[in-house]
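Notes to accompany the following structure.
Numbering of ligands and ligand atoms starts at 1, following listing order.
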Amino acid sequence: MTLAVQIRQHGGPEELQIVDVQVGDPGPGQVRIRHHAVGLNFIDVYHRTGLYPLSMPAGIGMEAAGVIEAVGEGVTHLKVGDRAAYASQPPGSYCEARVMPAKCICRLPDAISFETGAAMMLKGLTAQYLLKKARPVEGLEPGDFVLFHAAAGGVGLIACQWAKALGLRLIGTAGSDAKCQLALANGAAHAINYAKEDFAARVKEITGGKGVKVVYDSVGKDTWDKSLDCLRPFGLMVSFGNASGPVPPLAPGMLGVKGSIYITRQTLFTHISTREATQAMADDLFAVVESGQVKIHIAQRYRLADVQQAHRDLEARKTTGSTILTLP
Ligand code: NDP
């Protein structure tokens with residue numbers, strides 16, 4: 001038997017319960033992986049609350065690292081004993097071991113620890129596609145300004161460093177002065193405490209009235225309207241999350257009024273729908289981490305038994321950088 005976190009209904013952190021489950025052998029195209037560390041992500045909160053509904057009972061968690069224990073028929077890129085890490089659907093990574101599709105799992109380079117692997121796959125692959133694939137029509141050049149909300153969070157701290165490595169001038173927002181300092185220390189060119197400053201006015205000031213080429217918005221409801229005012233003409237709004245609640249429906253005519261802007265809503269799982277795409281993006285992430293240009297900050301560690309507290313802290317905006325669950 002193996003320990004796993006399950007929910008029986010959507011709700012608060014108290015719904016996260018540790019249960020004993022039977023983990024079988026992998027079928028065709030699957031592997032069994034024994035986790036050494038598990039990554040915590042804000043999407044886990046959406047799954048728990050039901051903003052992104054799951055059928056019950058449900059596992060939670062989409063990121064982990066560990067060792068391959070068994071390999072199903074047809075799997076050629078992994079073998080028993082390989083160190084590996086993943087960001088993957090379906091939810092269920094908050095556990096000691098599981099059987100899952102092999103196509104989303106990558107071998108972890110020896111230089112990257114299990115904890116770092118667990119802390120960076122979902123967040124790092126997200127930063128990768130945001131900065132390199134969700135591009136404005138005009139492209140992004142070194143020196144361009146971009147606005148990145150929640151810049152001191154898990155995805156945020158990786159994006160700050162990676163944007164700097166790409167030569168972009170990233171303006172980060174965060175909910176406290178300390179978080180702003182953290183974003184600056186990790187490569188943000190400017191940081192705005194959006195809890196006390198009008199971020200749209202500050203962005204205009206920083207960019208000499210021009211606005212930014214791209215806004216990356218994972219905060220959603222609270223930042224949406226003002227974010228549109230930060231874009232320069234033909235700029236791109238990339239919506240990729242809803243930490244403060246979902247964005248209300250919008251009328252297309254508004255895009256013209258705001259300066260013929262573009263809006264896209266992106267999800268990592270479209271980008272990593274094939275094994276080849278997943279590996280290519282992971283290779284890019286591994287390279288930038290191994291080069292030292294992007295450091296993965298694991299600022300919180302919780303035991304699996306303390307998973308409810310981990311969710312409370314994440315929702316209460318008490319965390320910075322990455323959070324992991326450690327296993328016995
Ligand atoms: P974070 O560590 O960034 O935590 C979320 C942060 O959002 C908080 O720390 C907080 O930072 C900010 N925030 C703003 N308003 C609220 C609010 N009302 N309640 C809670 N938090 C708020 O999480 P992750 O790094 O795991 O994910 C970042 C975002 O990216 C999430 O929205 C997530 O869903 C999204 N995401 C989307 C993906 C995709 O492909 N679409 C993939 C991965 C992540 P502060 O206090 O500084 O405001």
Side-chain angles (χ1 to χ4, degrees), residues 13 38-49 51-52 60-63 86-89 91 93 118-134 147-162 171-184 186 188 191-197 199 215-224 226-227 237-247 264-273 277-278 281 285 296-300 310-325:
V38 171
L40 201 79
N41 290 281
F42 214 86
I43 192 171
D44 308 344
V45 173
Y46 308 147
H47 283 141
R48 198 205 69 225
T49 60
L51 180 64
Y52 298 172
I60 295 280
M62 312 194 80
E63 182 178 49
Y86 66 85
S88 163
Q89 289 175 319
S93 69
M120 76 176 197
M121 288 299 282
L122 197 142
K123 302 163 194 72
L125 294 176
T126 300
Q128 201 276 353
Y129 87 72
L130 289 173
L131 294 171
K132 297 203 171 179
K133 296 187 169 182
L147 176 64
F148 204 105
H149 290 304
V155 179
L157 277 191
I158 297 174
C160 286
Q161 298 171 76
W162 209 333
I171 305 171
T173 61
S176 72
D177 291 344
K179 287 185 179 185
C180 285
Q181 287 307 319
L182 192 58
L184 289 170
N186 280 278
I192 307 169
N193 179 345
Y194 53 12
K196 62 180 193 193
E197 278 189 271
F199 71 82
V215 176
Y216 302 98
D217 190 338
S218 66
V219 173
K221 184 170 68 65
D222 288 355
T223 45
W224 183 258
K226 278 195 177 171
S227 291
M237 176 73 171
V238 182
S239 168
F240 71 105
N242 0 247
S244 67
V247 175
T264 179
R265 175 61 162 94
Q266 299 266 319
T267 168
L268 172 65
F269 298 101
T270 320
H271 290 276
I272 58 170
S273 62
T278 307
M281 288 171 66
L285 173 63
I296 306 300
H297 295 271
I298 304 175
Q300 300 75 216
H311 268 232
R312 281 189 200 100
D313 292 348
L314 186 62
E315 276 180 288
R317 305 163 80 161
K318 288 184 179 164
T319 63
T320 57
S322 296
T323 302
I324 59 164
L325 301 173

For [atom], what's the nearest protein heavy-atom neighbour? Residue, atom name and distance, please.
atom	value
atom 3 (O) of ligand 1	Gly153 CA, 3.4 Å
atom 1 (P) of ligand 1	Gly154 N, 3.7 Å
atom 21 (N) of ligand 1	Arg317 CG, 3.4 Å
atom 25 (O) of ligand 1	Val155 N, 2.8 Å
atom 32 (O) of ligand 1	Tyr46 OH, 2.8 Å
atom 47 (O) of ligand 1	Gly175 N, 2.8 Å

From [atom], work out which of [options] has a heavy atom at the shortest distance.
atom	options	result
atom 6 (C) of ligand 1	Ala150, Gly245, Ala87	Ala150
atom 30 (O) of ligand 1	Tyr194, Phe240, Phe269, Phe42	Phe240
atom 19 (N) of ligand 1	Ala243, Gly156, Ala134	Ala243

Heavy-atom contacts with [X] under 4.0 Å: which atoms of ligand 1 show up? List them by number with element.
X	value
Gly241	32 (O)
Thr267	39 (C), 40 (O), 41 (N)
Lys179	9 (O), 11 (O), 45 (P), 46 (O), 47 (O)
Glu315	19 (N), 20 (C)
Arg265	41 (N)
Leu122	42 (C), 43 (C)
Leu268	39 (C), 40 (O)
Ala174	47 (O)

Counting C-beta onward and ignoring hydrogens, is there a side-chain heavy-atom pair between [X] and [Y] closer than 4.5 Å?
X	Y	answer
Lys196	Asp177	yes
His47	Met62	yes
Gln128	His271	no
His149	Val215	yes
Leu285	Trp162	yes
Leu40	His311	yes

Donor-acceptor side-chain pairing of Gln300 and Asp313 below 3.5 angstrom: no
Are the side chain of [X] and the backbone N or O of [Y] linked by a donor-acceptor pair below 3.5 Å?
X	Y	result
Glu63	Leu122	yes
Thr267	Thr270	no
Tyr86	Ser93	no
Ser244	Lys221	yes

Ligand 1 N/O within reach of Thr126 N/O, cut-off under 3.5 Å: no
Nitrogen or oxygen of Asp222 less than 3.5 angstrom from that of ligand 1: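 No, Asp222 has no N/O under 3.5 Å of an N/O on ligand 1.
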Heavy-atom gap Tyr129 to ligand 1 smaller than 4.0 Å: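 Checking ligand 1 against Tyr129, which is what was asked, there is a heavy-atom contact under 4.0 Å.
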Where Asp44 and Gly39 come nearest, the two heavy atoms and their spacing: OD2-O, 4.0 Å
